[in-house]
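Only one structure is covered here, and it is reproduced in the block below.
Everything numeric here is computed off the predicted structure, so don't read it as measured data.
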Amino acid sequence: MQLDDISFGTTDWSAITPTEHAGETGKALWRTRQFGAVRVRMVEYTPGYLADHWCSKGHVLLCLEGELVTELEDGRVFRLLPGQSYQVADQAEPHRSSTESGAKLFIVD
């Protein structure tokens with residue numbers, strides 16, 4: 001990831017209006033900032049959320065609250081609790097997320 005032409009700044013995530021993204025079940029609420037080619041998001045998954053697609057986008061993801069289950073297309077499954085993160089490259093390993101109890105995430109991609 002190359003971070004170019006980004007001035008120092010702060011973000012009050014509570015001031016950003018969320019956009020709603022339906023999952024196969026549940027929904028995701030995204031609060032998004034774009035810095036050139038870099039997207040930064042605070043994402044909340046409702047309880048019972050299951051992504052409606054396999055994602056091939058690379059991310060660095062930090063779990064802030066709740067529990068996140070990430071399944072890779074090859075069948076591997078990973079559970080993240082608050083303070084845990086994962087990283088994956090673009091086009092590397094398709095993945096999808098779910099949560100029984102809900103989760104709050106910080107994502108850079």
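Between Phe106 and Met42, the shortest heavy-atom contact is CD1-CE, 3.9 Å. Nearest heavy-atom pair across Val40 and Trp13 is O-CH2, 3.6 Å. Listed here is the closest heavy atom pair of Thr25 and Gly48: OG1-O, 2.6 Å. For the residue pair Gly83 and Leu62, the shortest heavy atom distance occurs at C-CD1, 3.9 Å. Shortest non-hydrogen contact noted between Thr11 and Arg33 is OG1-NH1, 2.8 Å. The two residues Arg31 and Ser14 come nearest to each other via the heavy atoms NH1-O, 3.8 Å.
Going from atom CG of Leu81 over to atom CD of Glu65 covers 12.5 Å, rounded to the nearest 0.5 Å. Once rounded to the nearest 0.5 Å, the distance linking CG of Leu64 with CD of Glu44 reads 9.5 Å. Glu24 CD to Leu50 CG: the interatomic distance, rounded to the nearest 0.5 Å, is 4.5 Å. Atom NE2 of His59 is separated from atom CD of Gln87 by 12.0 Å, given to the nearest 0.5 angstrom. In this structure, CH2 in Trp54 is found 5.5 Å from CD in Glu73, a value given to the nearest 0.5 Å.
Side chains of Ser97 and His95: no donor on one and acceptor on the other come within 3.5 Å. Side-chain contact, Thr32 with Arg41: no donor N or O sits under 3.5 Å from an acceptor N or O.
Membership of the apolar cluster around Tyr86 extends to Trp30, Val43, Tyr45, Tyr49, Leu61, Leu68, Leu80, Val88, Leu105, Ile107, as traced through chained side-chain contacts below 4.5 Å between ILVMFWY residues.
A salt bridge links Arg39 with Asp109; the closest basic N to acidic carboxylate O contact falls under 4.0 Å. Between Arg79 and Glu67 there is a salt bridge, with a side-chain nitrogen of the basic residue lying less than 4.0 Å from a carboxylate oxygen of the acidic one. Checked for salt-bridge contact, Glu93 and Arg76 meet the test: a charged N lies under 4.0 Å from a carboxylate O.
Counting only distance, with no hydrogens or angles, the side chain of Asp90 and the backbone of Lys57 share no donor-acceptor pair below 3.5 Å.
Within a 6.0 Å sphere centred on CD of Glu100, other residues, nucleotides and ligands contribute 12 heavy atoms or fewer.
Put simply, the side chain of Pro94 reaches to within 4.5 Å of the side chain of Ser56, judged on heavy atoms. Using a 4.5 Å cut-off on side-chain heavy atoms (C-beta onward), Phe35 and Asp5 make no contact.
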